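Presented below is the structure to which this report refers.
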Amino acid sequence: MSYESPIREPLVTGGRTASDVTAEICRPLENKPSKLWWLGFTLSIVCLTILVYTLVRSSFEGLGLWGINKTVGWAWDITNFVFWVGIGHAGTLISAILLLFRQKWRMSINRSAEAMTIFAVFCAAIFPLFHMGRVWIGPVWALPLPNALGSLWVNFNSPLLWDVFAISTYLSVSLLFWYLGMVPDLATIRDRAATPIRKFVYRFLSMGWDGSTRTWARYEVVSLILAGISTPLVLSVHTIVSMDFATSVIPGWHTTIFPPYFVAGAIFSGFGMVLTLLIIARKVMGYENYITIGHLDAMCRVILLTGSMVGLAYITEFFIAWYSGVQYERYAFLNRMAGPYWWAYWSMMTCNVISPQLFWVKKWRRNPNFIFVMSIIVNIGMWFERFVIIVTSLHRDYLPSSWVMYSPTLIEIGIFVGTFGLFFTCFFLFAKFLPVINMAEVKSILPGKAHSHEAEEVKQPDLVTQ
Amino acid sequence: MANKNKKYIYGIYDDADAIMDSVHKLRGQGVEIHDCYTPFPVHGLDKAMGIKRSNLTIGAFLFGALGCTLAIVFQLYVMAADWPMNIGGKPNDGYYPSFIPVTFELTILFTAFGMATLFFIRTKLIHGKVEQLVDPRQTDDLFVLAIEEKSHNFDKEMVNRTMIDGGALEIRERELEK
């Protein structure tokens, strides 16, 4: 039915059959969580508590608790907003763009990457919402409603409003895509359920799915169309985030290169986070036959490509600043490189431009420990990128008398640490209660039944020797 | 009462290729396939069963067009008709490029949710529905071929033989109230 290439490595190793897939992927759901899970979950809850504490204080006492000031009005919060939104780009990219390109290696990583996307967007949303100060009324200001006094509406010319639409559409469509993809697997769990509560919950969630081919046929059409519309959506989200900056008149922000540069950076950081999580998950949950070294290799190649694009963008930006002849633009870039925040700039350059180039070496691309360290470096680098873009452009503006330095307060650091708590709490719950790997899709790419015992022997290069 | 119930005959397989072959053979004999239940989408099985390509794409397009239109009309109403704002003397009486992002996002939003809603209606999937399974393992690793007994050209003996020869592990019969 499907052709198996003797040259490409198998996507699922270890001669797994369909029932092995079900049993292995359902195992964490059906058993008590391990000590490691409890340890991670407790740590996440502690961080989540910090988030709640810092946000409550920021709401009741006001944004004076943050380090922002008259000159640097956007700093830590928007840095973290862009950081988290960027991380939220890998999931839909994997499930949508790789589906359109028929990249079957996406199938064992798309579920967890999509989950990560959704949790990252939750984390991202916290920052602009709380930056509005009065969070109990703030979200209403962003809705397209006339105000209470007359008919003064939101301003559709504002990129900040575009962002509201982009992020909320992205979040809701990603949730839909994620849930729709999960329905068949939820049915599998339902049919294995041993306790009435489990049966009830998964029956509710799986919507009466029975695997009918008539349903599958429509399901495939829906998946394809969703992938088709999610592809421009995922590219539009970070494009619009970049327009928050690019449509302004601030030197260092007012650049047409921002949209592609931000999108490449977002994919870069998103894959960094996917690798961080999956390298741990495959080890701890024993999914090494599903998320193989080949999968890690493929993701490293994406990192190498997008990292190089980001590097090219940095250099282009620099060149154009000089070539434009605008003194403010030139100063902004010199200030980034050699000003008081030089360390942030050079951290960004090292982490994002130099380090991904190490992935040209195949041996390193296939070494999980090395990749894990690199994925952390990528995340640090991408955080610094946003910090550099936002803070260094603002802290020395047109008027030297208003030049200031910015440093985060403990409350701000607490909010950032806290969002990691929220992210990981969600992720640990996901890993416990939902199937981390898309069982139905993985079953469809298993080597044919007749060949299942030969899976390890696929490497024999018959075609090459003949 | 008996004639109100529908009788089905089920062949249970453990191999996607086998069920595909049986579907081809039965269709060749002129038997109508009621449905196949599989743990994963078996590519080509829908075509083999004679299912036409879904029209959901048309629905998706219409929802997309609706979202797009609503976004354009609403932005025009807000920005040009109801409360035109004077922003540095820039024109504010029509549709401008700055309205494109929101138009785009709403098009996507309406397409996605409209199409998903149509999908759930069309496939009769809804929260709280109790599944009707032939075998609990049909969502795990078994494949079920279902044929209605009163369907066109139905010959029980022949159908049974074709399914067993085609590699079915067992044959089941069931009556469902309709």
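Note that these values count all heavy atoms, side chains included, but never hydrogens, waters or copies made by symmetry. In what follows, chains are A, B, ... by sequence order, proteins preceding strands, each numbered from 1. Predicted, not measured: the structure shown is a model, and the values here were computed from it.
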(message) Between B:Phe104 and A:Trp162 (judged by ring centroids, cut-off 6.0 Å), do the two rings come close enough to count as a pair?
(response) no
(request) Mind checking the CG-OG1 spacing from A:Leu233 to B:Thr111? Nearest 0.5 Å is all I need. (result) 10.5 Å
(message) What's the separation between atom CD in B:Gln132 and atom CG in A:Asp210, rounded to the nearest 0.5 Å?
(response) 8.5 Å
Taking side chain as everything from C-beta outward and backbone as N, CA, C, O, which of these in [X] sits under 4.5 Å from a heavy atom of chain B? Side chain, backbone, both or neither.
X	answer
A:Pro159	neither
A:Asn155	both
A:Val164	neither
A:Ile240	side chain

(message) Just so I understand: if I count every heavy-atom pair under 4.5 Å between each of A:Ser206, A:Pro184, A:Ala166, A:Ala23 and chain B, which residue has the most?
(response) A:Ala166
Check: [Y] and [X] side chains under 4.5 Å, non-hydrogen atoms:
X	Y	result
B:Asp46	A:Glu220	no
A:Phe156	B:Tyr96	no
B:Leu56	A:Val222	yes
A:Asn157	B:Lys90	no

(message) On a heavy-atom basis, which atom in B:His127 and which in A:Tyr179 lie closest, and how many Å separate them?
(response) CE1-OH, 2.9 Å
Taking every heavy-atom pair that is under 4.5 Å apart, which of [options] has the most such pairs with chain A?
options	value
B:Thr107, B:Thr38, B:Ile51, B:Ile33	B:Thr38
B:Ala146, B:Pro101, B:Gly44	B:Pro101
B:Val78, B:Leu109, B:Thr123	B:Val78

(message) Is B:Arg53 in contact with chain A via its backbone, its side chain, both, or neither, using a 4.5 Å heavy-atom distance?
(response) side chain
